Amino acid sequence: MDYYNNKKSLDEVMKSLSLFSVEYIENDIAQIDINRDFRKSIPEIILATHKKTSDLVKIVNRILEKKGYVLVSKIKPLIVGKLIKYYSKKGFIVDRSRNGTSILVYDTITSLPVNRGAKVGIICAGTSDVGIAEEARLATLAMGCTSCLAYDVGIAGIHRLLSSLKQMVSDGIDVIVVVAGMEGALPAVVTSLVTVPVIGVPCSVGYGYGDNGKGALASMLQTCSFGLSVVNIDNGIGGGIFASLIANKGR
């Protein structure tokens, strides 16, 4: 009625309708916010931690049926390979996070959100941080962005970083995600060298005092380098989504 009376635009009406788009999985397993991407420009993402494998498969299947793609994060290491094999046999493309436990499953490349030219740089300090950086990469794909990668370029050999940053700036990246464990200094260094926003992701790599990413998180939060925002420890998905929102808005 509001649309008919010119009180709301078609876009506003579609977003209102998406509030009521919920997919119920049998036996109260889950209530999927299936059209979240219409309302927030962010797809429904499955956190696999603590979910039964049978329930997880039912949820993934329903989202694939409705959307054609789904991002699944923090899968139990023992079942990652089984899920990849299962969905590959069903004819889906499965992109796995290298050294990680997250996967992006999609029907065809055209099932993914349209790429409008937004570019996200993804940097990680050490090889041990790659799994979390790869979460960010999968998140950018699920958000319709292109990612530019630079791994193992931490401050222990800072000369490795400079050429990667130069290339990213030349490629016209819109925002950078930086993953680092140990003392977590890399995001502040990157922020001091670039003019685009930087998202810091502390990684649970480290030992002794400030272990499990607590030292890295504290360091990033205490930065005096303006232009750096920080997400939670090991939240590569969150960093990638936040960066993609910025990049897509900019485009």
Side-chain angles (χ1 to χ4, degrees), residues 42 45-51 71-80 96-104 120-140 142-143 147 149-162 164-165 168 175-194 196-247:
I42 301 171
I45 297 168
I46 302 174
L47 176 62
T49 308
H50 305 308
K51 284 183 174 63
L71 178 56
V72 190
S73 68
K74 311 292 188 188
I75 305 167
K76 298 171 186 175
L78 289 175
I79 69 167
V80 175
R96 177 183 182 177
S97 58
R98 181 159 60 95
N99 296 355
T101 58
S102 297
I103 59 174
L104 178 63
V120 177
I122 302 174
I123 294 172
C124 77
T127 305
S128 298
D129 309 320
V130 167
I132 302 302
E134 283 281 290
E135 280 190 3
R137 179 183 67 81
L138 293 182
T140 62
M143 291 284 288
S147 56
L149 311 178
Y151 294 168
D152 195 24
V153 292
I155 64 167
I158 202 166
H159 56 286
R160 299 172 298 178
L161 171 66
L162 301 178
S164 298
L165 276 183
M168 287 185 181
V175 58
I176 300 175
V177 178
V178 185
V179 182
M182 299 298 285
E183 77 273 45
L186 185 61
V189 172
V190 171
T191 306
S192 72
L193 295 172
V194 298
V196 298
V198 177
I199 315 298
V201 183
C203 189
S204 58
V205 173
Y207 50 88
Y209 183 78
D211 66 345
N212 293 320
K214 290 177 285 188
L217 174 60
S219 177
M220 293 181 198
L221 290 174
Q222 291 287 347
T223 183
C224 59
S225 187
F226 292 115
L228 172 63
S229 184
V230 185
V231 298
N232 203 1
I233 297 168
D234 287 343
N235 191 10
I237 296 288
I241 293 293
F242 187 22
S244 297
L245 280 172
I246 295 170

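Keep in mind that the numbers below use all heavy atoms, side chains included, and drop hydrogens, waters and symmetry copies. All figures in this text were calculated on a predicted structure; none of them were measured in a lab.
Contact of the Ile132 side chain with the Val201 side chain is registered, since non-hydrogen atoms from C-beta on lie closer than 4.5 Å.
Within the model, atoms CD of Glu134 and OG of Ser102 stand 10.0 Å from one another, a figure rounded to the nearest 0.5 Å. Summarising the geometry, atom OG belonging to Ser73 is positioned 7.5 Å from atom CD1 belonging to Ile75; distances are rounded to the nearest 0.5 Å. In this structure, CG on Leu162 lies 7.0 Å from CG on Leu193, to the nearest 0.5 angstrom. Between atom CE of residue Met182 and atom SG of residue Cys203 there is a gap of 11.5 Å, rounded to the nearest 0.5 Å.
Nearest heavy atom pair, residue Val153 against residue Ser164, reads CG1-OG, 4.0 Å. Across Ser244 and Gly240, no two heavy atoms sit closer than the pair OG-O, 2.7 Å. Annotation for Ala48 and Val72: closest pair CB-CG1, 3.9 Å, computed over non-hydrogen atoms. Taking each heavy atom of Arg96 and Arg137 in turn, the nearest pair found is O-NH2, 3.5 Å. Looking at every heavy atom in both residues, Val179 comes nearest to Ala133 through CG2-CA, 3.8 Å. In terms of heavy atoms, Thr101 sits closest to Ser97 at N-OG, 3.3 Å.
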- Give the intermediate values and the outcome of side-chain contact (heavy atoms from CB on, under 4.5 Å) for residues Ile241 and Met143. CA-CA 7 Å; Ile241 293 293; Met143 291 284 288; 3.6 Å; yes
- Query: After noting the C-alpha distance and the side-chain angles of Val175 and Val198, does the key distance pass the side-chain contact (heavy atoms from CB on, under 4.5 Å) rule?
  - Reply: CA-CA 6 Å; Val175 58; Val198 177; over 6 Å; no
- Apply the test side-chain contact (heavy atoms from CB on, under 4.5 Å) to residues Val178 and Ile199: give CA-CA distance (whole Å), side-chain angles for both, the deciding distance (0.1 Å), then the verdict. CA-CA 6 Å; Val178 185; Ile199 315 298; over 6 Å; no
Can you give the donor-acceptor pairs under 3.5 Å from side chains of residues 120-127 to other protein atoms, not counting sequence neighbours?
none

List the atom pairs, with distances to 0.1 Å, where a side-chain N or O of residues 216-237 and a protein N or O form a donor-acceptor pair under 3.5 Å, not counting sequence neighbours.
| residue | atom | partner | partner atom | Å |
| --- | --- | --- | --- | --- |
| Ser219 | OG | Glu183 | O | 3.0 |
| Thr223 | OG1 | Ser225 | N | 3.0 |
| Ser225 | OG | Ala188 | O | 3.2 |
| Ser225 | OG | Ser192 | N | 3.3 |
| Asp234 | OD1 | Ser204 | N | 2.9 |
| Asp234 | OD1 | Ser204 | OG | 3.3 |
| Asp234 | OD2 | Ser204 | OG | 2.5 |
| Asn235 | OD1 | Gly238 | N | 2.9 |

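Every residue meeting the salt bridge (charged side-chain N to carboxylate O under 4.0 Å, His left out) condition with Arg160, not counting sequence neighbours, appears here in chain and number order: Asp152. Taking Ile158 as the reference, Ile155, Leu161, Val189 meet the side-chain contact (heavy atoms from CB on, under 4.5 Å) condition, with sequence neighbours excluded. For the salt bridge (charged side-chain N to carboxylate O under 4.0 Å, His left out) test, residues two or more places apart in sequence or in another chain that qualify with Lys74 are Glu135.
Applying the salt bridge (Lys or Arg N to Asp or Glu O under 4.0 Å) test to residues at least two apart or on different chains, the pairs with a partner in residues 213-233 are Asp211-Lys214.
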